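As structure tokens, the structure follows; a few thoughts come after it.
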Amino acid sequence: MAYFRSETQRPDFVKLEEEILELWDSEDTFERSVNQRKGGKKFVFIEGPPTANGLPHPGHILTRVVKDLVLRYRTMQGYYVERKAGWDTHGLPVEIEVEKNLRINTKGEIENYGIEKFNKKCKDSVFRYEKEWVNATKRVGFWIDMDSPYITFDNKYIESVWWSLKEIWKKGLLYKGHKVVPYCPRCETTLSSHEVAQGYRDVEDPSIYVKFKLKQPDTYLLAWTTTPWTLLGNIALAVHPENRYVKVRVKARTKEEDLILAESRLDVLESEYEIIEGYTGSDLADLEYERLFDFATIEGGDSQKVVTADFVTLEEGTGVVHIAPAFGEDDYGLCRDKKLGFSQPVNAEGRFTSEVPPLEGMFVKDADRPIIEMLDQRGILYKEERYSHSYPFCWRCGSPLLYYARESWFIAMKSLRDNLIANNEKINWYPAYLKHGRFGNFIDNIEDWALSRERFWGTPLNIWICANCGKEFCVGSVKELKARAKNSVSSDLHRPYIDDVVFECDDCGGEMRRVDDVIDCWYDSGAAPFAQWHYPFEKDAFERNFPADFITEAIDQTRGWFYSLLAISTTIFDTAPYLNVLSLGHILDEKGVKMSKSKGNVVDITSTLDKEGADALRWYFFTAGPLSDDVRFTEKGILEKQKKFLNTLWNSYFFFVTYAVIDEFNPNEKKIPMEKRNAMDRWIISRLNTLTKEVIDSIERFEIHVAARKMEEFVINDLSNWYIRRSRRRFWIVEADFDKDSAYITLFEVLVSLCKLLAPFVPFVTEHIYQKLVRGVSDDVLESVHLCDYPSPEESFIDTELEDSMALTSKLVEAGRRARADAGIKIRQPLKEVVVVCSDKKRKNVERLVGVLKDELNVNEVRFEDDAFVAADAYKQVEVDDDTALFLDTYLDKGLIEEGLVRDLVRRLQGMRKDLDLEYTAKIRIMYEGDAEVKEAIDRFSDYIRTETLAESIEEGKPSESGDKIYEKDWKIGKKEVHLAIKQ
RNA sequence: GGGCUCGUAGCUUAGCCUGGUUGGAGCGCUCGGCUGAUAACCGAGAGGUCUGGAGUUCAAAUCUCCGCGGGCCCA
């Protein structure tokens, strides 16, 4: 009885994968792989939650298979690896999708439509592509628990987020300030940076040089701006502290006047000038000037003075920069740092308020012209030009965006800078340069986190303020909310329900109402380490799972999720929330350009999965290069992986099964100790164990591509093209044989180990092979390769000397083939001998593998000599390396020629067998016609020919009949003509 | 505009950290060979201004600086 089932030679990998998916489903293999490790060491992973309101693209697939690889690997190593899926569900992108569908644009329109209905639509929309995500996730083999995922819009999740915000609030780190944001005055919406980036266009704007009068007669600071309307909000003028500035005397319309500007910007002056004085920027600090427009009220500090700022450049303008904190982020930050005042003469629609009577109600961009005219009339416009630059416009409606200070809530991250830096030190970054590079630089210069969003669909900001006395209160739980509420509390914590909840002020008895804002959805996902477990309302799961051992996402998350996790964890727990972070590159199209919807070059991953399958795709990603590098996506590349690697692996397995079936080989009955196996066997086992070591080392360093490439080389070169090719004949022996058993048991062991090694990388084909090789054959074994332990190297099986010997032998084989090619003698022609001239040490190494050398070079003898060897004329010499040379005896005697002829005949006969597609074990009868030399050779070697071709007889002559059972062919071998016939 | 990162044969890439034999592979191409697991394999060959330039050095793909191009983040 056969122990193995025969196998198809050309697998349909896609079908195979679908069958494996069904197997895993029906046997709960994933759940069991996790649960059987319960009680073992923990390996904690956090899923960075994707948003399911768009289809998964190739980049998502990459992160999913990398996560899967690492988690399967750790699981097989015995770790208990829980894997909770997560969904990111809040935020502006979701709202924008819904707005598009409703064909509305502005906040006003949303309010008219109804926040309740709007948020319901948002909630429905976030799982629009859930099915596609779940399918893709399963299809590529990412094992993660999608049945009980964390969802950021869940009440429990929100409650945990509220708890954390209250912790921050209690520490006094949550405060209200202003944030300058890109703002569309028409849509009345702030835009995310991603949206802003979409809308840059080159435009021409007025650029004006304005004279700010100092408190000395006829002396002015000359400033430059491309947004005249912002002059109404001017608070200060900035100069660079170290730059050179000069006072120059110029002729104005009627009189002379003095202007101050940067020395290197003097060429902006249009008239003759005379330099009066020079200063550095810091000399100018604190100079006071007269207010340009005396309209808007200024609150909260000084104004109309010169300050220094490092961001002032000398590439354009005058080196004197007009500062309006309401309209520029740098400006706002500078005024805050220098404790200057603030003025906001523009309303939410981008129109001047009643504080500016001459311009009241006018849209700011339309006010540029009247403002320039006003300045000109007052004689303080030095000159006007046009200026081309790129400026952001609203991607929806095309309005120019305004940078605009809005009230906003902040987390005081700047005050925690040292803690962030210290906690970052606890994290291993892959690649390492991110730690002190991009990420380190970012937190070195960290700014406070603008947390609030004036929007609808998000976690409501849990702060209530007393309308009467201004007292703040932050709610930290649902229980607290209910306890404080004067009215009933909805079971849904979202807007608009939460907006109706009012408290009574402890201090004055006034009515406390919630601020209108929701929070940044980056805070939601950054809270995942605890919010996914509903901490602290439920404690166990979080305490087991913090901090995480591992997270991975693409490089763009450096300032996104990687940061928000660290920021929140630092404010609340003052520790790092993850210990290892692997940053991945992006997927580019085949030209090396990023994939984007607008370019239309996004590859449809499902078609790849339907054609080449998940293993080929995974293997392509894992071998393409360092995971931290961008990778070009080409279908050709994936197909090549399937052909080269998967097919070779398959064929190695197929070869084994084919002969194991014929021989009824049973691995359970044969135990052959390593020392009794031949050198070839010990070599491949040694290589396998060396490989195991290298693979583990590489995975531990997250050098996934190194591990994968080493395995690929092993499969193709060592196993398939060397071990199996060299060992083939051992499997062909018909009768029971010790050496044959050694070969079987060795190949079997290698294949099974290899499956385990490869299982985290290509989980489908390895599972299939395991099922056929192990599960179907032996009782009492684990039901899945993914339930097995990951191999660990068996040091006693590693024989580096033997590996070196084989490497040298292989070099000698190559050299011998070169010599044959030089001499024009084909390999099929046997030769008398080859002489190897080398050191004693090498000789000893090669001697144990001399059979391999003889076989590969088709020579009858291998002889070793020292340097003194002098070759006869017939010897062809080739160099092997520095101290090794090889001499091939090219002399052919009659016997050798006959042998060669016979080899040629056998080769033709084997070809004919293949033409007939005969079973490997089918017997044949041979008839031939040829000259006397052919007959003589065949007579002499007839035993050999019959063994090789499984012939029962070999006769001279032509078959008398013809038909299906007879196959005849004329051959030309060298100069001889031979007729061959095969009878079945 | 700023920061970070990548750029090696037609394509995919090793080597770069720690400078030093004629810069290795694979795919594709040409020629020859081999072939009863393999759309495989083996040998020879063509194909490289190692993105451009400058510098450091006895010596640079490798270290430094300045460009160019791709990518990411931020303005």
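Predicted model, so just to flag it, every value in this text is computed and none were measured.
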Using the [atom1] atom as the point on both nucleotides, what is the distance between [M] and [N], in whole Å?
N: B:A54; M: B:A61; atom1: P; result: 14 Å
N: B:G15; M: B:C50; atom1: C1'; result: 10 Å
N: B:C42; M: B:U51; atom1: P; result: 29 Å
N: B:U35; M: B:U21; atom1: P; result: 40 Å
N: B:G48; M: B:U5; atom1: C1'; result: 24 Å
N: B:G28; M: B:U22; atom1: C1'; result: 25 Å
N: B:C63; M: B:G7; atom1: P; result: 11 Å
N: B:C16; M: B:U62; atom1: P; result: 12 Å

What is the distance, to the nearest angstrom, from the [atom1] atom on [X] to the [atom2] atom on [N]?
X: A:I587; N: B:G70; atom1: CD1; atom2: C1'; result: 15 Å
X: A:L649; N: B:A39; atom1: CG; atom2: C1'; result: 16 Å
X: A:N445; N: B:G3; atom1: CG; atom2: C1'; result: 10 Å
X: A:E814; N: B:G43; atom1: CD; atom2: P; result: 5 Å
X: A:F562; N: B:C73; atom1: CZ; atom2: P; result: 12 Å
X: A:I825; N: B:C34; atom1: CD1; atom2: C1'; result: 16 Å
X: A:E713; N: B:G24; atom1: CD; atom2: C1'; result: 12 Å

[X]-[Y] side chain donor-acceptor pair, cut-off 3.5 Å:
X: A:D556; Y: A:H586; answer: yes
X: A:W650; Y: A:E7; answer: no
X: A:N858; Y: A:R903; answer: yes

Does [X] reach a base, just sugar-phosphate, or nothing at all? Heavy atoms under 4.0 Å.
X: A:T658; result: nothing
X: A:E856; result: nothing
X: A:D556; result: sugar-phosphate
X: A:W732; result: sugar-phosphate
X: A:Y653; result: nothing
X: A:S652; result: base
X: A:Y433; result: sugar-phosphate

**Message:** Can you tell me if A:K710 has over 12 outside heavy atoms packed within less than 6.0 Å of its NZ?
**Reply:**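 No, because the 6.0 Å sphere around NZ of A:K710 holds 12 heavy atoms or fewer from other groups.
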**Pairwise side-chain contact, A:F13 with A:E612, heavy-atom cut-off 4.5 Å (strictly under)** = no
**Message:** Within the structure provided, determine whether A:Y404 and A:V180 are in side-chain contact (heavy-atom separation under 4.5 Å).
**Reply:** no
**Prompt:** If you take atom types as modelled and just measure distance, does the side chain of A:T648 reach the base of B:A40 with a donor-acceptor pair under 3.5 Å?
**Reply:**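 Per atom types, no contact qualifies.
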**Prompt:** Is there a donor N/O on one and an acceptor N/O on the other, under 3.5 Å, for the side chain of A:R438 and the base of B:C72?
**Reply:**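 Answer is yes: a donor-acceptor pair is held.
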**Message:** Under the criterion salt bridge (Lys or Arg N to Asp or Glu O under 4.0 Å), I'd like the reasoning laid out for A:R908 against A:D904: C-alpha separation, chi angles, the key distance, then a yes or no.
**Reply:** CA-CA 6 Å; A:R908 262 73 173 179; A:D904 266 320; 2.9 Å; yes
Listing time: all N or O pairs from protein to nucleotides 10-16 of chain B that are below 3.5 Å?
{"unit_1": "B:U12", "atom_1": "OP1", "unit_2": "A:R632", "atom_2": "NE", "d": "3.4"}
{"unit_1": "B:U12", "atom_1": "OP1", "unit_2": "A:R632", "atom_2": "NH1", "d": "3.0"}
{"unit_1": "B:U13", "atom_1": "OP1", "unit_2": "A:A624", "atom_2": "O", "d": "2.9"}
{"unit_1": "B:U13", "atom_1": "O3'", "unit_2": "A:R709", "atom_2": "NH2", "d": "3.4"}

**Message:** If you assign each of A:F655 and A:E640 to its closest nucleotide in RNA chain B, which residue comes earlier from the 5' end?
**Reply:** A:E640
**5' priority, RNA chain B, between A:K643 and A:L909 [closest heavy atom]** = A:L909
**Message:** Show the nearest heavy-atom pair for residues A:T552 and A:L582, with the distance to one decimal.
**Reply:** OG1-O, 2.7 Å
**Item:** A:T230 side chain vs A:T227 backbone, donor-acceptor pair below 3.5 Å
**Value:** yes
**Request:** Determine the stems involving RNA chain B; a stem requires 3 or more consecutive pairs of the Watson-Crick or G-U wobble kind, each with both distances below 3.5 Å, and the answer is none if no such run exists.
**Result:** B:1-7 with B:68-74, B:10-13 with B:24-27, B:29-33 with B:41-45, B:51-55 with B:63-67
With the side chain of [X] defined as its heavy atoms from C-beta on, choose the nearest nucleotide among [options].
X: A:N721; options: B:C4, B:C42, B:C41; answer: B:C41
X: A:D629; options: B:C42, B:A37, B:C6; answer: B:C6
X: A:Y659; options: B:C74, B:C42, B:A37; answer: B:A37
X: A:R828; options: B:C41, B:C34, B:A37; answer: B:C34

**Request:** Please report the C-alpha distance between A:E856 and A:R817 in whole Å, then the side-chain angles of each, then the deciding distance to 0.1 Å, and finally whether the salt bridge (Lys or Arg N to Asp or Glu O under 4.0 Å) criterion is met.
**Result:** CA-CA 9 Å; A:E856 288 288 320; A:R817 289 195 178 130; 2.6 Å; yes
**Message:** Assess whether a salt bridge exists between A:R336 and A:E447, defined as any Lys/Arg side-chain N lying under 4.0 Å from an Asp/Glu carboxylate O.
**Reply:**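 Between A:E447 and A:R336 there is a salt bridge, with a charged N closer than 4.0 Å to a carboxylate O.
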**Asked** With sequence neighbours left out, what residues match A:W429 under ring-ring contact (aromatic ring centres under 6.0 Å, His included)?
**Response**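 Once residues adjacent in sequence are excluded, the partners of A:W429 under the ring-ring contact (aromatic ring centres under 6.0 Å, His included) criterion are A:F439, A:F562.
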